[in-house]
Amino acid sequence: MNDADAVRATALDYFEGWYDADLARVDSALHPVHRDVAAPTKVLRADTVGSVRSEGVTIDYEVSGDAAPTILLLPTWTIVHRRLWKAQVPYLSRHFRVVCFDGPGNGRSDRPLDHTAYDHDVQVRHALAVLDATGTDRAVVVGLSQACAWALQLAAEAGDRVLGTVHICPSLDICDGHPARVAAGSSAGLPPSRVPFVERNPIEHWAKFDPEYWAGHHEDFLWFFFGMCFPEPHSTKQIEDCVGWGLDTTPEVLAAEAGGTRPGRRAIEQWCADVTSPVLAIHGTHDLVSPPSRGRRLAELTGGRFVALEGSGHIPLARDPVKVNLLIRDFAMQLGAAS
């Protein structure tokens, strides 16, 4: 067995069996469950909506609720906007003051095409600008995937502004990623994604994670990527939502963002060593984007708590919102009582 075959065999070990629920998805789509319709409820509207100029970019934010402590829900990769938190804001704002914002490149914020607008340090400064603009002295900071690096640096270098951090499926370079992503080859000749037809894509489709591919196949990449984000059965609605949010930006923006700087392993490990506030790491056991070993390692390096969500993928806040909401609530309540 050559090196390429060995990597592929290891990758298959990761992915084998994690899409076995595809038939259940199809059955759900063909035989929807009918429920009695309850009386209509009011749509939650933010108490405050505003914007702030940060690093030459307009960043749009909203505030809901007024109970201490404040929870700051960070944006994540530019491929989605703050509607990603739609299952968290209504619940958490009943117990806390919740601030969320659109990062540069999507939602109601500006869409710069200069890659420096998406540098890691710039993203951290956007978060601080939003805290200042909303009059927030300290907050419980919650990040998903890429945003966990921003939350980590905030806790390490602006500890007076951070009560604690929640890291959901962190994409942090503190241990190796999935072999399938590392081994991805050329996207030439790959067929369109089968996710719109409630089917799965082979692991070779990770080759589509490439700005050159996005330029001519933006929507196809979105279907592929969010299919990988949601390996759980009955995730059609979540996938469709995310594809729609991804279409609210452009492949040119995604390519610019891909050119932004990222922290290396040494910097991340130093931030972990410098963090003094409590840390909660949450990771889906079936995350096909970033392996759960990263969440576990983050908890080890920071002395934090690690929670594995059995069967969950990369975005459990959308697929298992009750579990995630209760974990965030309990964590924030403990910090609020301590402060």
Side-chain angles (χ1 to χ4, degrees), residues 44 46-48 52 59 61-76 82 84-103 123-172 271-272 274-283 295 298-299 301-307 309 315-318 320-339:
L44 177 72
D47 296 321
T48 302
V52 61
I59 300 296
Y61 63 80
E62 64 181 52
V63 183
S64 303
D66 57 9
T70 294
I71 295 178
L72 175 65
L73 302 176
L74 292 172
T76 184
R82 67 177 182 248
L84 183 71
W85 297 106
K86 69 176 184 175
Q88 281 65 55
V89 173
Y91 175 77
L92 293 176
S93 63
R94 292 166 52 191
H95 304 278
F96 311 100
R97 179 174 178 262
V98 179
V99 177
C100 60
F101 65 98
D102 291 323
Q123 300 279 14
V124 173
R125 291 196 288 271
H126 290 328
L128 288 170
V130 170
L131 289 178
D132 292 341
T134 57
T136 305
D137 293 329
R138 303 181 74 192
V140 178
V141 180
V142 183
L144 165 71
S145 189
Q146 180 179 342
C148 293
W150 311 335
L152 189 62
Q153 185 176 357
L154 279 170
E157 298 183 355
D160 59 324
R161 310 296 298 274
V162 177
L163 288 167
T165 50
V166 180
H167 303 262
I168 304 173
C169 299
S171 291
L172 295 172
W271 293 332
C272 288
D274 292 342
V275 169
T276 58
S277 54
V279 170
L280 171 62
I282 304 168
H283 217 121
L298 175 63
L301 292 175
T302 58
R305 178 190 174 201
F306 175 69
V307 176
L309 296 183
I315 311 181
L317 57 96
D320 293 300
V322 174
K323 294 178 184 178
V324 172
N325 288 353
L326 292 178
L327 286 167
I328 296 173
R329 183 201 66 180
D330 292 348
F331 183 75
M333 282 185 169
Q334 292 173 2
L335 295 177
S339 63

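Computed from a prediction, not measured in an experiment: that's the story for all the values here.
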Listed partners of Lys323 passing side-chain contact (heavy atoms from CB on, under 4.5 Å), at least two apart
Leu309, Asp320
side-chain contact (heavy atoms from CB on, under 4.5 Å) against Thr134, all qualifying residues, sequence neighbours excluded
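Tyr61, Val63, Arg97, Val99, Val130, Thr136.
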Do you know the tightest heavy-atom contact between [X] and [Y]?
| X | Y | value |
| --- | --- | --- |
| Ala151 | His167 | CB-CE1, 3.9 Å |
| Arg94 | Pro90 | CG-O, 3.4 Å |
| Pro69 | Phe96 | O-CB, 3.3 Å |
| Ala156 | Asp274 | CB-CB, 4.0 Å |
| Val124 | Gln153 | CG2-OE1, 3.5 Å |
| Leu172 | Cys148 | CD2-C, 4.1 Å |

How long is the gap from [atom1] on [X] to [atom2] on [Y], to the nearest 0.5 Å?
| X | Y | atom1 | atom2 | result |
| --- | --- | --- | --- | --- |
| Asp102 | Glu62 | CG | CD | 8.0 Å |
| Gln123 | Thr76 | CD | OG1 | 9.5 Å |
| Leu163 | Leu335 | CG | CG | 6.0 Å |
| Leu92 | Arg329 | CG | CZ | 9.5 Å |
| Ser145 | Leu84 | OG | CG | 10.0 Å |
| Ile71 | Ser64 | CD1 | OG | 11.5 Å |

Derivation of the side chain to side chain contact (heavy atoms under 4.5 Å, CB included) call for Thr302 and Trp271
CA-CA 9 Å; Thr302 58; Trp271 293 332; over 6 Å; no
Quick one: does any side-chain atom of Arg305 pair with a main-chain N or O of Val279 as donor and acceptor, under 3.5 Å?
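Side chain of Arg305 to backbone of Val279: no pair is present.
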Below 4.5 Å, heavy atoms only, C-beta onward: do [X] and [Y] meet side chain to side chain?
| X | Y | answer |
| --- | --- | --- |
| Asp47 | Asp66 | no |
| Thr165 | Leu154 | no |
| Leu152 | Leu298 | yes |
| Val140 | Gln334 | no |
| Arg82 | Pro75 | no |
| Trp85 | Val142 | yes |

Pick out which of Leu74, Val166, Ile168, Val324 makes a side-chain contact (heavy atoms from CB on, under 4.5 Å) with Leu144.
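Of Leu74, Val166, Ile168, Val324, side-chain contact (heavy atoms from CB on, under 4.5 Å) with Leu144 is met by Ile168 alone.
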